[in-house]
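First up is the structure itself, then whatever we jot down about it.
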Amino acid sequence: MPIDPNRRSFVPTDAAGHFPLQNLPYGAFRPAPGAPVRIGVAIGDRVLDLAAVTDAGVLEGPAATTRAFHAPSINAFLGLGPDGWADARARIAALLAEGNAAWLDDPRFTAPPLHDRAAVELVLPVDIGDYTDFYASRQHATNVGTMFRGADNALLPNWRWVPIGYHGRASSIIVSGSAVRRPSGQRKAPDADAPTFGPTRQLDFELELGYVVGVGNPLGSPVSVAEAPGHIFGCVLVNDWSARDIQAWEYVPLGPFLSKNFATSISPWIVPLDALLPFRVPAPPQDPAPLAYLARQGDWALDIALDVAIATAAGRAGGRPAHRIARTNASTLYWDIAQQLAHHTVTGCNLRPGDLLATGTISGDAADSRGSMLELSWRGQEPVDVGGGEKRAFLEDGDEVVMTGTCEGHGVRLGFGEVRGTIVGA
Ligand code: CA
């Protein structure tokens with residue numbers, strides 16, 4: 001779908017901001033502390049209250065959409081499918097279009113239709129039934145494999161054939177801004193005879209792209225690569241917090257368990273896949289060619305610039321901005337999101353509206369494009385400059401990790417906002 005950079009909203013949208021009329025991401029919010037959760041769309045520095053505008057009759061549409069906009073999560077809306085999403089998106093864009101602000105004075109309003117984005121409390125926008133995390137970055141898999149098994153054994157023989165993933169934990173997915181308590185568990189130094197129990201000494205972040213399932217599939221009915229994008233509603237930023245010492249001891253033979261189940265943070269605004277379509281680019285070549293059921297169908301790599309910054313407690317006290325430690329791009333992923341979703345369902349596994357799938361840590365080729373502390377500090381051997389003369393091997397209590405994602409091109413810039421979280425002591 002072509003993007004029209006000249007369409008603007010009557011709500012001021014900063015050219016350097018993330019939420020122009022071409023974005024219109026969905027979120028959930030409380031307009032005041034303790035108030036019921038409502039569904040909204042971000043535009044500039046404001047939030048459009050979808051229940052308020054449907055109640056007042058200024059946003060019309062199918063009854064199912066109106067009902068869905070009165071739910072405390074976006075799941076019912078997800079179940080409407082691509083036609084329902086497109087219809088609502090077009091109506092909301094028209095409502096917010098430049099020159100169309102007169103409806104704000106409609107006497108039928110019983111609740112404010114627009115809120116200051118900074119004044120509302122953002123909550124998880126979606127009830128996430130299941131969470132699956134892939135391992136789709138070749139550079140990340142190679143870096144971790146090198147550290148855990150040595151350079152000769154870095155990329156295991158299955159990696160170029162199978163989009164590696166595991167079933168994660170949905171209950172501990174939290175919205176941006178939530179604190180993350182340092183987990184405790186078993187840690188064993190390589191030269192120790194036995195493990196000890198205590199707070200992780202190697203707490204880490206993982207920079208990932210998440211995508212929210214819109215339309216599910218019945219049990220027993222695989223989704224093909226070609227069909228997969230039609231099942232994806234939109235994308236969020238994901239910080240898949242990880243405890244590396246716990247992980248290194250527990251991951252054989254079944255993969256991560258407690259090292260990743262204590263918290264996963266997501267950005268609060270779900271950017272519709274529709275808004276990201278203009279930013280599709282070719283993904284890296286695949287060699288060997290994937291098996292037929294996994295063959296790529298069109299370009300589904302997404303040109304999303306991703307940044308990670310850290311604000312230490314001392315830095316915040318001193319008024320220093322968060323210090324950028326990594327920058328990479330989601331387009332570098334080896335397995336694209338359509339391939340990941342198709343692979344997930346090839347057994348007939350059923351996805352449901354609101355399931356969250358994530359790509360795994362996104363690392364590029366350059367040393368400063370690595371999406372985890374593990375890689376940036378090379379397992380602690382090369383501490384990372386986090387500004388103000390401070391260095392980090394892994395995260396310390398009080399550190400705040402801030403991730404952002406933006407798309408630029410076609411005369412438009414749009415973004416994901418951010419996902420942030422601060423570490424609190426065990
Ligand atoms: Ca992960």
Ser137 and Thr359, any side-chain heavy atoms less than 4.5 Å apart:
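Sidechains of Ser137 and Thr359: no contact.
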For residues His167 and Asp130, determine if any side-chain heavy atom of one lies less than 4.5 Å from a side-chain heavy atom of the other.
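Of all side-chain heavy-atom pairs linking Asp130 with His167, none is under 4.5 Å.
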Would you confirm whether Arg370, through its side chain, and Leu376, through its main-chain N or O, come within 3.5 Å as a donor-acceptor pair?
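No: the side chain of Arg370 does not pair with the backbone of Leu376.
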Side-chain donor/acceptor of Asp399 to backbone N/O of Glu396, under 3.5 Å
yes
I need the minimum non-hydrogen distance between Val215 and Pro82, along with the two atoms involved.
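The answer is CG2-CD, 3.7 Å.
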Taking all non-hydrogen atoms of both residues, which atom of Ala64 and which atom of Leu80 are closest, and how far apart?
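Reported closest heavy-atom pair: CB-CD2, 3.7 Å.
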So, are Arg201 and Asp245 salt-bridged, with charged N and O less than 4.0 Å apart?
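Here Arg201 does not pair with Asp245 in a salt bridge, since their nearest N and O are not under 4.0 Å apart.
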If the threshold is 4.0 Å, N to carboxylate O, is there a salt bridge linking Arg8 and Glu98?
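No salt bridge links Arg8 with Glu98.
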Between Gln339 and Gln286, is any side-chain donor less than 3.5 angstrom from a side-chain acceptor?
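The criterion, which ignores hydrogens and geometry beyond distance, is satisfied for Gln286 and Gln339.
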So, Ser259 and Glu250: side-chain donor and acceptor under 3.5 Å apart, yes or no?
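Judged by distance alone, the side chains do pair up.
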More than 12 heavy atoms of other groups within 6.0 Å of [X] [atom1]:
X      : atom1 : result
Asp45  : CG    : no
Phe257 : CZ    : no
Glu60  : CD    : no

Sequence neighbours excluded, which residues qualify as side-chain hydrogen bond (donor to acceptor under 3.5 Å, both in side chains) partners of Tyr26?
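Testing Tyr26 for side-chain hydrogen bond (donor to acceptor under 3.5 Å, both in side chains), a comparison that skips the adjacent residues, returns none.
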Residues in side-chain hydrogen bond (donor to acceptor under 3.5 Å, both in side chains) contact with Arg169, at least two apart in sequence or another chain:
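Scan of Arg169 (side-chain hydrogen bond (donor to acceptor under 3.5 Å, both in side chains), adjacent residues dropped) gives Ser171.
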